[in-house]
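In what follows, a single structure is set out as structure tokens and then discussed.
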Amino acid sequence: MSSGNREKLNNPMMEWVDSRLPIFSLLQKEYGVFPTPKNFNYLWNFGAIAMVMLVMMIVTGIVLAMSYATTTAEAFNSVERIMRDVNHGWMLRYIHANGSSFFFIAVYIHIFRGMYYGSYKQPRELLWILGVLIFLLMMATAFMGYVLPWGQMSFWGATVITNLFSAIPLVGDSIVTLLWGGFSIDNPTLNRFFSLHYLFPFLIVAVVFLHVWALHVTGSNNPLGIEPKGKQDTLPFHPYYTMKDSFGVVVFLVIFAGFTFFAPNYLGHPDNYIPADPLVTPTHIVPEWYFLPFYAILRAITFDIGIPLTSIVFIPAKLGGVLMMFGSIAMLFILPFLDKHPVRSACFRPWYKMALIIFVVDVFILGICGGKPAEGLWVPLAQFCTAYYFAFFLVIIPFLNKKEPVLALPNSINEAVLNKKVA
Amino acid sequence: MKRLSMIKITLSFMVLVLAFAPQAQASEGSHDLEEQHWSFSGPFGTFDRGALQRGFQVYTQVCAACHSLKYLSYRNLSDLGYDESQIKAIAAENTAMDGPNDEGEMFERPMRPSDAFKSPYSNDQEARYANNGALPPDLSLIAKARAGGADYIYGILTGYEEPPEGVVLGNGQHWNKVMPGNKIAMAAPLSDDIVGYSDESPTTKEQYSRDVAQFLTWAAEPKMEIRKRTGIKVILFLLVFAGIMYAVKRKIWVGVKH
């Protein structure tokens, strides 16, 4: 955080501040100068886009909280009051509801970018792990936020997910009681979810700060996956990437606005416009779309794990599903330590590239399975895709570490860029 | 070239997510609904004021006997094209319990535009008791709470048929081809000529169903028109803004080989 050798600023006011708290020097160093590889493609916009979505969610969320009532009797009514009587309340709520979907879209593309170009590899392991931590916090925040309107899917989604913790041996039931604030999902549950839903975004902001800090220590990766070797390979972040990011953000917002204003309920579930009723279970409980792949993994474990042909069970099916679901996120955490291949970018790793593309398709299929009733062919399909999900991390990547040939890499970013123009 | 293809990958990724998302969680049960043409569909769609007023008339004379509309107030009827005095008169047709007054007594008074729509029953128990154990749902959000929206409402209202051979209906149950499970506690509520229209619209079951479906769509989303109008301005602004951003970006990058 120290500015090192500070250059004197011309404006006396700024100089007065900067000599006491070198915030202008910091900005100049981290954005005005910050050498950034000059060969980014548009996939590198999604970090900035995710940041904009985070700010938008916090701002709309704070304003929505001003009109929201945190009681089971009034929560649903207060949301309708926001939609009907609060000035521009409909816009705030639709921005917030669709914003969560688009925040996840941005983050999923951002994660894919990291996986495709090997951005998680040495020396950026911690940067990546902080990113996965943000993703995990986002999932918790989004889950609790979905409970707040207190519709049918809110209530029953909360029931399914909180009940998962009861699968944990010994302490499971106590954890569930703690989450619920009692012995069923009720007013205390709604209150603590609201409280935490308000808290977590600020934790996300804190981890984003660390994420960006780590980024500014290692510098950005780039599509070639080779480190910049000098000035000819890089550009100052501002104005080159501030401008490029601004353009990308606005294009993303066009699509976001299209959904918010013209199909605001397209990504939601109609059942959440029915007030929560603990006595009526929806025929088919599904989470929000961005959780569907993980929900499919959860439900894919339909069998107990124990000694065959005996009644000894080590891991009951329910616990198995929970372990696999959390395990699927854990895979992302340990990815930097699984992949030891010296080449970063999938552009020079045809084998890894193929496995990764199949992985993406696999996650899509898992998402579809997660939205279907767990019956018929959907179950074995989800099991097969779950198997590939884990095999990708635990079998294929370690296999490629040893077997995938190391191709010749370009000498420098600049050289690769110039050759491309000639070719 | 490389960069263009990345844009394509990114966009197709988003298209895939957005296309699959609701399919994946589409609620089962809605039997193939006949897709109707509605004046409010599409990005420029608006409500048809005539249909809304007729639908309100059908709701008041038929549906309101059992179904509440508790998130609406009489003042909201200005959206339908009624003026202040008409709304006052509509509200005053019902009475509300108010109080306590200065003497501590509750009293009845005519309803005012600021009052919420009068519900047919004072609580769910009374509603169930009067309806053979079934609870007539509040209709304020029904168009958003059912897959298919207005098409679903129209489908239910026109979907009553004789049950197929061999199907045994319980006491107070009726066969409806659109209802998930096909068994519905509500008897066919509409038939031709039960509501007199003051305009030339046909007084048929189908016309009533269409009008009340439109009215209930408005009831569920009264801000739809302002939402779409705002959306068009927002999108136009963002497109122009994106164009400017792109031009500036190109200008800045012009000397850089990348």
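Any value given below was found using the heavy atoms of this structure, including those in side chains, with hydrogens, waters and symmetry copies removed. Computed from a predicted model, the values in this text were never measured in an experiment. To find a chain, count down the sequence lines: A is the first, B the second, and so on, and within it residues start at 1.
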Determine whether [X] and [Y] make a side-chain contact, defined as any pair of heavy atoms from C-beta on separated by less than 4.5 Å.
| X | Y | result |
| --- | --- | --- |
| Ile274(A) | Arg146(B) | yes |
| Ser140(B) | Arg84(A) | yes |
| Met245(B) | Ser246(A) | yes |
| Phe262(A) | Phe44(B) | no |

Reported [atom1]-to-[atom2] distance for the pair [X] and [Y], which is rounded to 0.5 angstrom:
| X | Y | atom1 | atom2 | value |
| --- | --- | --- | --- | --- |
| Tyr273(A) | Glu221(B) | OH | CD | 6.5 Å |
| Leu141(B) | Glu80(A) | CG | CD | 4.0 Å |
| Ile235(B) | Phe256(A) | CD1 | CZ | 10.5 Å |
| His269(A) | Lys144(B) | NE2 | NZ | 15.5 Å |
| Tyr246(B) | Met243(A) | OH | CE | 11.5 Å |
| Arg229(B) | Phe261(A) | CZ | CZ | 13.0 Å |

Non-hydrogen atoms of chain B under 4.5 Å away: do they reach the side chain of Ile413(A), the backbone, both or neither? neither
Side chain, backbone, both or neither: which part of Met83(A) has an atom under 4.5 Å from a heavy atom of chain B? both
What heavy-atom pair brings Thr260(A) and Arg227(B) nearest, and what distance separates the two atoms? O-CD, 4.3 Å
What's the shortest heavy-atom distance between Leu253(A) and Leu238(B), and which atoms? O-CD1, 3.6 Å
Look at [options] and state which one has the largest set of heavy-atom pairs under 4.5 Å with chain B.
| options | value |
| --- | --- |
| Tyr290(A), Trp90(A), Phe102(A), Tyr94(A) | Trp90(A) |
| Asn45(A), Ile255(A), Asn77(A) | Asn77(A) |
| Val249(A), Asn265(A), Thr242(A), Val360(A) | Asn265(A) |
| Phe259(A), Phe364(A), Phe247(A) | Phe247(A) |
| Ile105(A), Val251(A), Asn39(A) | Ile105(A) |

Parallel, tilted or perpendicular: rings of Trp253(B) and Tyr241(A) (30°, 60°): perpendicular
Does atom NZ of Lys88(B) have more than 12 heavy-atom neighbours, drawn from other residues, nucleotides or ligands, at distances under 6.0 Å? no
Counting only heavy atoms not in Arg49(B), do more than 12 sit closer than 6.0 Å to its CZ atom? yes
So for [X], is it side chain, backbone, both, or neither that comes closer than 4.5 Å to the heavy atoms of chain A?
| X | result |
| --- | --- |
| Ala247(B) | neither |
| Pro43(B) | both |
| Ile244(B) | neither |
| Ile226(B) | both |

Salt-bridged, Asp85(A) to Arg75(B), with N to O below 4.0 Å? yes
